[in-house]
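As the structure is a computational prediction, the values presented were derived from the model and not from experiment. Order of the sequence lines fixes the chain letters, A, B, ..., with proteins taken first and strands second; residue numbering starts at 1 for each chain.
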Number of protein chains: 2
Amino acid sequence: MDISIDSCIAQLRRNTLKVTPRRLAVITMLLAERRYFSPYEVYERLLNTDCSSGLPSVYRILQEFSAIGLVTEIERSDRQQYYFLCKESSGAHHHHFICRICCRVEPIKKCFFDSVKKHIETELDAQVESHIFQLEGICASCRNH
Amino acid sequence: MDISIDSCIAQLRRNTLKVTPRRLAVITMLLAERRYFSPYEVYERLLNTDCSSGLPSVYRILQEFSAIGLVTEIERSDRQQYYFLCKESSGAHHHHFICRICCRVEPIKKCFFDSVKKHIETELDAQVESHIFQLEGICASCRNH
DNA sequence: CTTTAAATAGAAATCGTTTCTATTAAGAGA
DNA sequence: TCTCTTAATAGAAACGATTTCTATTTAAAG
Ligand SMILES: [Mn+2]
Ligand SMILES: [Mn+2]
Ligand SMILES: [Zn+2]
Ligand SMILES: [Zn+2]
């Protein structure tokens, strides 16, 4: 089963973040699509609704969501902030494929981090703490449009 | 054998970039250490030498170097620009481990991109064009210091 | 040498992001 | 339901990494 608005609310409470209308509006918006957003896009979409937020508030809300693991940061070459709410309920470690045309995000189950980590730690005597792995390209829908 | 100042100069010429004292100074600086630098660090190190550059010039020089593949961009969570001149002469595809303490960079030969790419393209019917893979942690020297 | 387009300096602008302060509201407890 | 405390929010302002702009210099081709 997928992540729902209720499981998101529970996650807010678990982390002692108040359940406010603005936070719910952001979550609802993110849940509705399988794509990543910039803070400005979130801000823009909520404008002229009954639960719009100021741009600094959107930034703060998304950063808090990221801090508690509710949303994931997406890496792009423009080095700006992008966030994605992954609907996979299993919190299992995974990465993402993003479409450079439509911003769609697909989870990738395969990750070879453990094997590479072990290799590096043996060979370099280093301590590997984290990794980035992300694929980019064109999704099926954008290819055939 | 390793990348040398001469092979770098050849690479500039191949790409019709003029061989200027400032560019040579930047290359020499980058070649001297196995670590990545921010543009400001490069700027700072060249200050008060006979070949210092203005900060905007350092940005431009590094971007040009990146465009011709002479330097590699390093990804960090502060979303700022960092560059590394990889001394591996073989231009073979590889990734990097970076030390979060001393900024040291080590090449990682293992990359499972091809297998993941094939998997994704089959499963999602997407076209995978590029990927990021980078490890971060603490290098041997920083662990034992 | 001359010539020309590329490279550079330095000031200024840009713009994504963060900070600050006053105001509002969630939610715990009475 | 009402109070109270503290977190959340708005909006203006600041911030700072990066880029742009224009005048000046210089690499290197001929
Ligand atoms: Mn992984
Ligand atoms: Mn790879
Ligand atoms: Zn797409
Ligand atoms: Zn180190």
Nucleotide [N], atom [atom2] - distance to [atom1] of [X] in whole Å:
{"X": "B:Glu64", "N": "D:dT19", "atom1": "CD", "atom2": "P", "answer": "12 Å"}
{"X": "B:Tyr59", "N": "D:dT20", "atom1": "OH", "atom2": "P", "answer": "13 Å"}
{"X": "A:Leu24", "N": "D:dA8", "atom1": "CG", "atom2": "P", "answer": "13 Å"}

Output a table of donor-acceptor pairs, distance under 3.5 Å, between side-chain atoms of residues 106-114 of chain A and any protein atom two or more places apart or on a different chain; print 'none' if there are none.
from: A:Glu106; atom 1: OE2; to: A:Arg104; atom 2: NE; distance (Å): 2.6
from: A:Glu106; atom 1: OE2; to: A:Arg104; atom 2: NH2; distance (Å): 3.1

Using modelled atom types and a 3.5 Å cut-off, is there a donor and acceptor pairing between side-chain atoms of [X] and backbone atoms of [Y]?
{"X": "A:Asp78", "Y": "A:Gln80", "result": "yes"}
{"X": "A:Gln134", "Y": "A:Glu75", "result": "yes"}
{"X": "B:Gln11", "Y": "B:Ile68", "result": "yes"}
{"X": "B:Glu121", "Y": "B:Val128", "result": "yes"}

Touch check for A:Arg60, heavy atoms < 4.0 angstrom, all strands: base, sugar-phosphate only, or nothing? base

Short of 4.0 Å, heavy atom to strand atom, which residues of residues 66-83 of chain B count as contacting DNA chain D? B:Gln80, B:Gln81

Those residues of residues 38-52 of chain B lying under 4.0 Å from DNA chain D by at least one heavy atom: none

Could you give all pairs that pass the ring pair (Phe, Tyr, Trp, His ring centres under 6.0 Å) test and reach residues 42-65 of chain A, with sequence neighbours left out? A:Tyr40-A:Tyr43

Please list, for nucleotides 27-30 of chain D, all pairs of protein and nucleotide N/O atoms separated by less than 3.5 Å.
from: D:dA27; atom 1: N3; to: B:Lys18; atom 2: NZ; distance (Å): 3.2
from: D:dA28; atom 1: OP1; to: B:Val19; atom 2: N; distance (Å): 2.8

Sorted by chain and number, sequence neighbours left out, ring-ring contact (aromatic ring centres under 6.0 Å, His included) with A:His94 holds for A:His96

Only counting residues at least two apart or in another chain, list the ones meeting side chain to side chain contact (heavy atoms under 4.5 Å, CB included) with A:Asn48. none

From the 5' end of DNA chain C to its 3' end, which nucleotides mark the outer limits of contact with chain A, defined by a 4.0 Å heavy-atom distance cut-off (strictly under)? C:dG16 to C:dG27

Can you check whether B:Gln63 has a side-chain N or O nearer than 4.0 Å to OP1 or OP2 of D:dT19? yes

Euclidean distance, B:Ile120 CD1 relative to B:Lys118 NZ, rounded to 0.5 Å: 13.5 Å

Go ahead and write out DNA chain D as dot-bracket, 5' to 3': ( ) for pairs within the strand, [ ] for ones crossing earlier pairs, | when the partner sits on another strand, dots for unpaired; Watson-Crick or G-U wobble, both distances under 3.5 Å. ||||||||||||||||||||||||||||||

Closest non-hydrogen atoms of B:Cys99 and B:Tyr36, given as atom of the first, atom of the second and distance, are O-OH, 4.3 Å

Check B:Glu41 against B:Phe37 and note the closest heavy-atom contact, atom names and distance. OE1-CA, 3.3 Å

Aromatic contact between A:His95 and B:His131, with the criterion being ring centroids under 6.0 Å apart: yes or no? no

Checking A:Glu33 now: which residues fulfil side-chain hydrogen bond (donor to acceptor under 3.5 Å, both in side chains) with it, not counting sequence neighbours? A:Arg45

Hey, can you pull the donor-acceptor pairs under 3.5 Å for the side chains in residues 18-32 of chain A, sequence neighbours left out?
from: A:Thr20; atom 1: OG1; to: A:Arg23; atom 2: N; distance (Å): 3.2
from: A:Arg22; atom 1: NH1; to: A:Ser52; atom 2: O; distance (Å): 2.7
from: A:Arg23; atom 1: NH1; to: A:Lys18; atom 2: O; distance (Å): 2.8
from: A:Arg23; atom 1: NH2; to: A:Glu64; atom 2: OE1; distance (Å): 3.0
from: A:Arg23; atom 1: NH2; to: A:Glu64; atom 2: OE2; distance (Å): 3.4
from: A:Thr28; atom 1: OG1; to: A:Leu24; atom 2: O; distance (Å): 2.7

Compile the donor-acceptor pairs under 3.5 Å between side chains in residues 137-145 of chain A and protein atoms, sequence neighbours left out, one pair per line.
from: A:Arg143; atom 1: NH1; to: B:Asp125; atom 2: O; distance (Å): 3.1
from: A:Asn144; atom 1: ND2; to: A:Ala140; atom 2: O; distance (Å): 2.9

